[in-house]
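Quick notes on the structure that follows.
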Protein chains: 2
Amino acid sequence: MSHMGYPRLMSVDREQVLRSAAALLTRKSTATMDEVARAAGLSRATLHRHFAGRDALVRALEELGIQECEAALDAARLDEGSADDAVRRLVKEIEPAAGLLSFLVTENQLFEGDTQHEGWARLDARIAGLFTRGQERGEFRIDLTPAWLTEALYCLIGGGAWAVQDGRVAAKDFQHMIVELLLGGARRRVEP
Amino acid sequence: MSHMGYPRLMSVDREQVLRSAAALLTRKSTATMDEVARAAGLSRATLHRHFAGRDALVRALEELGIQECEAALDAARLDEGSADDAVRRLVKEIEPAAGLLSFLVTENQLFEGDTQHEGWARLDARIAGLFTRGQERGEFRIDLTPAWLTEALYCLIGGGAWAVQDGRVAAKDFQHMIVELLLGGARRRVEP
DNA sequence: CCTCAATGAGACAAAGATGTCTCACATGGG
DNA sequence: CCCATGTGAGACATCTTTGTCTCATTGAGG
């Protein structure tokens, strides 16, 4: 009777299903729809009722990931203060989405031909803009392009998430390891 | 008449098949055996005659990748001179294997349960040893663990290879981008 | 209590990939 | 020339995953 897109009675929480799917697919990107369903605590039939197919599920994950990243970028207030501090805030805010992000980044790599979600372009532009700002302020060296620094940020976040999950890096050190490496490499250094 | 394991007449070059397979699988990790065969310029039947199955193919790729990485590490003479220069030599020597390496790294992530190839542990130990040496020499900061720096090196090589292949970074800048970022983050900095 | 929506379980066909096989072709050596 | 070996093409069964369907059950609201 509801005129909303979603039924009033939601026994399964769409958000939570997506989260558990992300957690599983981050570890095993080839997981079956059945495995995803089990991991989310529901049957394959119900999973199919919420997401038309595997593609739709991945699309929804992509949507969620982009949404979380944009929220993280908003919360990090990239335009305020020094670029250095902004990068620190960015890594801090984006950490909860690191697992999902790393899955989506590697997933995107095999979208070769297809036109990818415009959201990624927006995110790339915002992050690259932060590094450009840092260069213009004289904080960051100019021989490392903003595009590369952006790529490196994605890489390090993905690698960091995986290293933490694998026990090679302590979870509490996640931000420090990434920020120090990235900023250490990006900052202009005082020649001794 | 030959007592060797391989026939005298090798119309297909095993090495070259592996290289084209690596090139394809790096771009599309879910490529079919048929696609791999076509990319190598031979039929699926012949590919099967040389590699019992997909698993065997991936194992062979793993073997090749480890072999190339070990050769790169040997050529880089990690124990000689400053750790800083050794890292530069390492990145330079390992660049040709970057694509294959990035494929194998992401492929290894879904080997969850299985015991992974001992070669990886050897490589990890040698690279981590280089960073440890840099720390002991006072070149590198000690708050970034060798394990993390090793992981970061893998990440940046993979990301760099992908960025180059995607046109976001010029191929000639590959070494510079990776080395400067990694060393910039790893080096002890003179506090201003 | 009754109803209806959401779910779980399972059956089912379709599609794709894999592994194996046979047969024909060609190419180099004896 | 003849033969053996390597290859390509294709057929074939099998397996897995997927997408769709039906049917029974559950649980909350009227």
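Chain letters run A, B, ... following the sequence lines, proteins first and then strands; every chain starts at 1.
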Please determine whether a side-chain nitrogen of the Lys or Arg among [X] and [Y] lies less than 4.0 Å from a carboxylate oxygen of the Asp or Glu.
| X | Y | result |
| --- | --- | --- |
| A/E180 | B/R141 | yes |
| B/E63 | B/R59 | no |
| B/R19 | B/E68 | yes |
| A/R88 | A/D84 | yes |

Result for 5'-nearest mapping on DNA chain D, choosing between A/E35 and A/A52, is A/E35

Of the options [options], whose atoms approach the side-chain atoms of [X] most closely?
| X | options | result |
| --- | --- | --- |
| A/T32 | D/dT18, C/dT7, C/dT18 | D/dT18 |
| B/R49 | D/dT18, D/dT7, C/dG8 | D/dT7 |
| B/S43 | C/dT7, D/dT17, D/dG8 | D/dG8 |
| A/T46 | C/dT18, C/dT7, D/dT20 | C/dT7 |

Quick one: is [N] close enough that its OP1 or OP2 comes under 4.0 Å of any side-chain N or O from [X]?
| X | N | value |
| --- | --- | --- |
| A/H50 | C/dA6 | no |
| A/H48 | C/dT7 | no |
| B/R38 | D/dA9 | yes |

Using heavy atoms to find the nearest nucleotide of DNA chain C for A/R44 and A/L47 separately, return the residue whose nucleotide is more 5′.
-> A/L47

Which comes earlier along DNA chain C counting from the 5' end, the contact point of A/A45 or that of B/R54, where each point is its nearest nucleotide?
-> A/A45

Length of the [atom1]-[atom2] vector between [X] and [N], whole Å:
| X | N | atom1 | atom2 | answer |
| --- | --- | --- | --- | --- |
| B/L42 | D/dG10 | CG | P | 16 Å |
| A/D55 | C/dG16 | CG | P | 13 Å |
| A/D34 | D/dT17 | CG | C1' | 10 Å |
| A/L25 | D/dT17 | CG | C1' | 15 Å |
| B/F51 | C/dT18 | CZ | P | 15 Å |
| B/L57 | C/dA17 | CG | C1' | 14 Å |
| A/R14 | C/dT7 | CZ | P | 13 Å |
| B/D13 | D/dT7 | CG | P | 11 Å |

Taking atom CD of A/E70 as the centre, does the number of heavy atoms from other residues, nucleotides or ligands within less than 6.0 Å exceed 12?
->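 Yes, because the 6.0 Å sphere around CD of A/E70 holds more than 12 heavy atoms from other groups.
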
